[in-house]
Amino acid sequence: MSALAFDIHGRDGEARTGALTTPRGTIRTPAFMPVGTAASVKAMFPDTVRETGADIILGNTYHLMLRPGAERIARLGGLHDFMNWPGPILTDSGGFQVMSLSKLRKLSEDGVTFQSHIDGSTHLLTPERAVEIQCLLGSDIQMQLDECPPYPCTREEAASAVELSLRWAERSQDAFAKRAAAGHALFGIVQGSIHPDLRERSARALMEMDFPGYAIGGLAVGEGPDLMLETLAQTTPHLPADKPRYLMGVGTPLDIVEAVARGVDMFDCVMPTRSGRHGQAFTWAGKVNLRNAAHADDPGPLDPESPCPAARDYSRAYLHHLVKAGEYLAPMLLTWANVAFYQDLMRAVRAAIQEGRLDELRTRIRVAYG
Ligand SMILES: Nc1cc(N)c2c(=O)[nH][nH]c(=O)c2c1
């Protein structure tokens, strides 16, 4: 069923660089997916997102199922046509955002019942409905519905979430086999909180189900970078070396390069887009807070090392002014600069792996972001 081809072109320790080929295009890995929450990467034109080097974006099932609705998007030709993004799209299952955004949610063996944060309407999201919604959207890479326990949680809660997510993984695969279009793929999601044995149990059981790719969930939920990276190192060895690994919800530039060094191939995070809307910029010299009055008279660009016009062709003084004045152009330029930085970072990561100098890049990023 899956037409995903994953080719590894180079290695540096546990890090891999390669290409993930889908019917809608090839994704250079390690890859960062800008988040297109409700059918847009906020404050950016799709063409501009593409020009930053992004090969794939992420869509949020929770938001799209509530507004404008999966069936409506399907009637209008699917998410790619709807948002004018012809490249690959990965969608999450909606389960994680139900637990973080909706009201009055109730988890059961069948799925999760919740009230919409928009209008209070009641919805039931099951593994089968999550697959159906992602098929209606036309997602190229779908995620199974899973249970992501909070951090901290008891070992029993973590173990229970592993087992429920494994039962939902099987139901998701059955539903996917019945209705997914040729060329689409479904990833399993590894859970297990911070427990190495639970992580191994989850990874090995999913591997038995032979997914074309594996997401690592249950991290970036408050455990902190050290515990995240420690748990990651205890998870990736139990996943197939020839399949892509996607670390959900990560992260800062330092998180990303350290996770790449532990064998991760794909990432998504709202950090570049959300930070851009709050006056925060990512540069090769570190983070810059454009709200800071120190920039009020600075004629220099945001980042002279950036290939992005937003980071190169406007002074910090101007960006500071736009931010303080609440001008619409502020989130537009800073989001553009941030998404472009993350793509520039991934370009540098891929080259560093190919040339065997990832540790050098890790040091550079640790100095700027550590
Ligand atoms: N940090 C995380 C971000 C996410 N979008 C998810 C998710 O969608 N599913 N499951 C998860 O565990 C998870 C963790």
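Numbering of ligands and ligand atoms starts at 1, following listing order.
At least one heavy atom of Gln191 sits closer than 4.0 Å to an atom of ligand 1. The closest approach between Gly95 and ligand 1 stays at or above 4.0 Å for every heavy atom of the residue.
If you check which protein heavy atom lies closest to atom 10 (N) of ligand 1, you get Asp146 OD2, 2.7 Å. Looking from atom 14 (C) of ligand 1 to the surrounding protein, the closest heavy atom is Phe96 CE1, 3.6 Å.
Between the side chains of Gln142 and Ser139, no donor-acceptor pair of N or O atoms lies under 3.5 Å.
Short contacts between ligand 1 and Gly217, defined as distances under 4.0 Å to a heavy atom of the residue, involve ligand atoms 11 (C), 12 (O). Residue contact check: Gly218 has heavy atoms under 4.0 Å from atoms 11 (C), 12 (O), 14 (C) of ligand 1. Atoms of ligand 1 lying under 4.0 Å from any heavy atom of Ala220, numbered from 1 in the order shown and given with element: 1 (N).
Here's the thing with Leu219: one of its N/O atoms is less than 3.5 angstrom from an N/O atom of ligand 1.
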Inset, instruction - Check step by step if ring pair (Phe, Tyr, Trp, His ring centres under 6.0 Å) holds for Tyr318 and His295. - result: CA-CA 9 Å; Tyr318 179 63; His295 303 296; over 10 Å; no

Inset, instruction - Applying salt bridge (Lys or Arg N to Asp or Glu O under 4.0 Å), run through Arg347 and Asp344 and close with a yes or a no. - result: CA-CA 5 Å; Arg347 236 188 310 273; Asp344 207 22; 3.4 Å; yes

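For the salt bridge (charged side-chain N to carboxylate O under 4.0 Å, His left out) test with Asp265, the passing option among Arg16, Arg350, Arg28, Lys243 is Arg16; the others fail.
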